[in-house]
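Below is one structure; the comments refer to it alone.
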There are 2 protein chains.
Amino acid sequence: MTGGQAITSRAGSGGPPRPDRRARRRQETIAEILDIARDVMTAEGVNGLSLAEVARRLGVQPPSLYKYFPSLMAVYDALFAQGQRDVVATMTTAMADADPGLEALIAGLEACGRWSLANRAVAELLFWRPVPNFRPSPESFAASIEMVRLQRGALADAVAVGQLGPGALEEDAVFLVSALIAGVLTQAIANEPELPWGEGRFSPMFPRLMRLLPAAFPLPD
Amino acid sequence: MTGGQAITSRAGSGGPPRPDRRARRRQETIAEILDIARDVMTAEGVNGLSLAEVARRLGVQPPSLYKYFPSLMAVYDALFAQGQRDVVATMTTAMADADPGLEALIAGLEACGRWSLANRAVAELLFWRPVPNFRPSPESFAASIEMVRLQRGALADAVAVGQLGPGALEEDAVFLVSALIAGVLTQAIANEPELPWGEGRFSPMFPRLMRLLPAAFPLPD
DNA sequence: GTCTATATTATGATAGAC
DNA sequence: GTCTATCATAATATAGAC
């Protein structure tokens, strides 16, 4: 199922494929590997990921994968990095479409929740750290700092427009907020892994929790 | 390192050890196996538990363990059941020592949090369900129903004494409450696994979250 | 960039001697 | 209730042919 195109083009032109074409093909294969890896994690658990199973599903022999990733941990790292980028982009878009302040904060967290239930396995990898001996590379980790920055910005906006009190500017405000979304997500993923955001017993609690934010960071009298 | 006592007593009396003595020794070994299993999970992750490693640490050969547990999953189930009993007992005690109602609810949840950070690996097994193909047996699962019952009772008490509004009697109130403790715990375990309850960035948020309960279940006007 | 072959290591589990 | 020996399986990873 692979190589047909490349061989055809090579036979047709008589020359080797253009470098960018080869590079693009390589990127496609990498993307396919990561896609399959996500499927495997969803089916077998985050720890159940194995290069052997990925190779089986891709229809190649395990050693071939080492041309694309130097180790299993490198695959985890790529999944982590891509997932983190993906969730941050999703949150950023959702926040940009909402009024700055509390609405944007809630929209961003809700987008994070929706994404996490739609990408359960990667969300576990990102937020639960279930793989021993796996530490995300510094570059991967950088994106999670961006996530905190996003939330801090929205909290500051909410203070600026008078929706929240000055407590929301404190350093730990973001930890309180992230515990709220983490709680809903953990319960949903652990107890109702098949249900999307908005269904089940836990994610519908999210809007109610968000309505508590003004009480958590009260305006000064 | 074992067997010395039994051989001595057998040699001394000339007869076989009394059945209850043998049974007690067996229970001690089972307890020791579970103890070591907890250590292994703490060190290698919940999924890193293996009978081979337990046997190594216990100083026996792997097949010997099958005299005590029929499979690895049976060990997980025993850990699950014991952990669930343990955390429910801890919560029950903490709640009994507090005023019925909101204080008891908070004391129970706080005890659950303290226990979970002190028993990280088992808490992950209980609340995250990270082991694929592991379903707790019905008996094990029964204790987690008791946990819900405890919380519902405290919520009802809080309504009865006028601390919370009637919303706390609704079926989903316990899901909201459990999302609060789950959020703090998830963040603490994932990001600061070495820190006990009360330290770090997340578990100190718990009292602040509990102070939001009256706003979550407001009294009628 | 794919393959075969292989090294190395590990696992869960069973049979059967003692 | 312990052991040795073994089965069956699986994993990551490397060497080297094509």
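- In this structure, B/Asn47 atom CG and C/dG12 atom C1' are separated by 15 Å, rounded to whole Å.
- Salt-bridge check for B/Asp77 with B/Arg135: failed, with every basic side-chain N at 4.0 Å or more from each acidic carboxylate O.
- Counting any heavy atom pair closer than 4.0 Å across all strands shown, A/Thr29 reaches no nucleic acid atom.
- In this structure, CD1 in A/Ile189 is found 12.0 Å from CG in A/Leu195, a value given to the nearest 0.5 Å.
- Distance A/Ile33 CD1 to D/dT12 P: 13 Å, rounded to the nearest Å.
- Sequence order on DNA chain D of the closest nucleotides to B/Lys67 and A/Ser71 puts B/Lys67 first from the 5' end.
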At a cut-off of 3.5 Å, list every protein nitrogen or oxygen paired with a nitrogen or oxygen from nucleotides 4-11 of chain C, distance to 0.1 Å.
from	atom 1	to	atom 2	distance (Å)
C/dT11	OP1	B/Ser50	OG	3.2
C/dT11	OP2	B/Arg56	NH2	2.9

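- Each salt bridge (charged side-chain N to carboxylate O under 4.0 Å, His left out) pair with one or both residues in residues 40-56 of chain A, not counting sequence neighbours, appears once here: A/Glu53-A/Arg56, A/Glu53-A/Arg57.
- We find that CZ of B/Phe69 is positioned 16 Å from C1' of C/dG12, with the value rounded to whole Å.
- Between D/dC3 and B/Tyr66, no contact under 4.0 Å exists linking OP1 or OP2 to a side-chain N or O.
- Straight-line distance from the CG atom of B/Leu58 to the C1' atom of D/dT2: 12 Å, rounded to whole Å.
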Discussion item. Using the rule given for side chain to side chain donor-acceptor pair (under 3.5 Å), can you reason through A/Thr29 versus A/Arg25, listing the C-alpha separation, both sets of side-chain angles and the distance that settles it, and then say yes or no?
Written reply: CA-CA 6 Å; A/Thr29 304; A/Arg25 182 75 182 83; 3.1 Å; yes
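- In this structure, a donor-acceptor pair under 3.5 Å is absent between the side chains of B/Glu124 and A/Trp128.
- To the nearest 0.5 angstrom, B/Cys112 atom SG is 9.5 Å from B/Leu117 atom CG.
- Atom-to-atom, CZ of B/Arg22 to P of D/dT2 comes out at 12 Å; the value is rounded to the nearest Å.
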